[in-house]
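The structure appears right after this line, and notes come after that.
Side chains are part of it too, since the values below use all heavy atoms of this structure and drop only hydrogens, waters and symmetry mates. Throughout, protein chains are lettered first and strands after them, A, B, ... in sequence-line order, and every chain is numbered starting at 1.
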Protein chains: 2
Amino acid sequence: MKDALEKIGQRYSRQREEILKLVLSTDSHPTADWIYEHAREIIPNISLGTVYRNLNLLVDERKINRLVMDDGVVRYDGNLREHHHFICTKTGKIIDIEQPLAENILEEFRKKTGLNASSYKIEFYGSSEQPTQ
Amino acid sequence: MKDALEKIGQRYSRQREEILKLVLSTDSHPTADWIYEHAREIIPNISLGTVYRNLNLLVDERKINRLVMDDGVVRYDGNLREHHHFICTKTGKIIDIEQPLAENILEEFRKKTGLNASSYKIEFYGSSEQPTQ
DNA sequence: TTAACTGCAAATCCTTTGCAAATCA
DNA sequence: TGATTTGCAAAGGATTTGCAGTTAA
């Protein structure tokens, strides 16, 4: 498994490997605290500081993404493919949307505003629950 | 001016009026601290707690909007018209974009994903500075 | 061997809260 | 007058940091 990890940081650490594995293992967009609690099941004396330091490093080296939600909660996302998010307004659940949408929006933006946007982000909100029938 | 304010909260307060005026007076998407510093120029003994309490009230009563930026900084926006944001990746400056863009994106979203989104948010990123000529 | 990394605890930053005093209605 | 709002200071929650010990290379 050490070999499957491309080089991250200056050298290998078990803590870093475990933290990355955890973020990659789920599509639940976990918080630092969730990652800490789960990492502790495998490395019981891992510290929260180490979790934060490694999450920052993994974000800096673009192995994972940091999301800041509208409620201020910070979450981490192991899905590096380009995608949008659907945020359920009832449960807070975040669903990855990998379908391409509004494909020429950057061009439309530049044309209409004259500003030079190079990237964009779209979030959708609504209820993911089916109405009772 | 007391009359120009629709009813906000249970009763009038000078602190609340000043805080709302400040947020409405600028398109700079100020932080709580900026609002505090500027409110102090008019009401020198206003407290930061009062600023936070009133900003929360104004957001709850939909007189202003709260923005949470990707760097975690919380900002306030007095522009209640529907608009997008362009965030300059060099200066951090946030520019309101009032042009309609991707107008049928919700329909496209529902059609492609089957999920029932009722709203969405788009942010654009890039440099707002002109290349030197 | 030694620089990177860790655990721990303290520090920091931003925001909220409890309380007694002030104030709007 | 009485309930809302305030100023102040303390508390809270999330994240960062300093440091001495540990570990990968």
Donor-acceptor pair between B:N56 and B:R66 side chains, under 3.5 angstrom
yes
Rounded to whole Å, how long is the line connecting atom CG of B:D71 with atom P of D:dA14?
19 Å
For the pair B:H83 and B:H85, name the ring-plane relationship: parallel under 30°, tilted 30 to 60°, perpendicular over 60°.
perpendicular
Of the listed nucleotides D:dT5, C:dG18, C:dA25, the one nearest the side chain of B:Y12
C:dA25
Phosphate OP1/OP2 of D:dG7: any B:Q15 side-chain N/O under 4.0 Å:
yes
Name every residue in residues 31-47 of chain A that has at least one heavy atom under 4.0 Å from any atom of DNA chain C, in order of residue number, or write none if there are no such residues.
A:N45, A:I46, A:S47
Would you kindly check whether a donor in the side chain of B:R14 faces an acceptor in the base of D:dG7, or vice versa, at under 3.5 angstrom?
no
Hey, what do you get for CD (B:E17) to CZ (B:R14), rounding to the nearest 0.5 Å?
9.0 Å
Nearest-Å distance, CG (B:N54) to P (C:dT16)?
12 Å
Please report, rounded to the nearest Å, how far the C1' atom of C:dC14 is from the CZ atom of B:R75.
14 Å
Does a sphere of radius 6.0 Å around NZ in B:K93 hold more than 12 heavy atoms from other residues, nucleotides or ligands, not counting ones at 6.0 Å or beyond?
no
A:Q10 vs D:dA25: side-chain N/O to OP1/OP2 distance below 4.0 Å:
no
If you measure only the distance, is there a donor-acceptor pair under 3.5 Å linking the side chains of A:N54 and A:E18?
no
For B:D96 and B:H84, which I'm curious about, is there any donor-acceptor pair between the side chains at under 3.5 Å?
no
For a quick test of reading the model: is some side-chain N or O of B:N56 closer than 4.0 Å to OP1 or OP2 of C:dT16?
yes
Note: for A:G9 and B:L48 on DNA chain C, the residue whose nearest nucleotide lies more 5' is A:G9
Which label fits B:Y120 and A:F124: parallel for a plane angle under 30°, tilted from 30 to 60°, or perpendicular past 60°?
tilted
Compare every heavy atom of A:L57 with every heavy atom of A:I8, then report the nearest pair and how far apart it is.
CG2-CD2, 4.2 Å
Does anything in residues 58-70 of chain A reach DNA chain C, meaning a heavy atom under 4.0 Å, and if so which residues?
none
In whole angstroms, how far is the C1' atom of C:dC5 from the CD atom of A:E17?
15 Å
Side-chain donor/acceptor contact of A:R11 with base of D:dT23 under 3.5 Å
yes
Under 4.0 Å: is that the gap between some side-chain N or O of B:S13 and OP1 or OP2 of D:dT6?
yes
Is there a path of hydrophobic side-chain contacts, each under 4.5 Å between heavy atoms of I, L, V, M, F, W or Y residues, that connects A:W34 with A:I42?
yes
Assess whether ring pair (Phe, Tyr, Trp, His ring centres under 6.0 Å) is satisfied between B:F86 and B:Y125, documenting all intermediate values.
CA-CA 6 Å; B:F86 174 81; B:Y125 305 92; 8.3 Å; no
Closest nucleotide of DNA chain C for B:V73 versus for A:R53: which of these residues is on the 5' side?
A:R53
Taking C:dC19, D:dT17, D:dT5 as options, the one with an atom nearest any side-chain atom of B:R16 is D:dT5
From C-beta outward on B:T50, which listed nucleotide comes closest to its side chain: C:dT6, D:dA25, D:dG7?
D:dG7
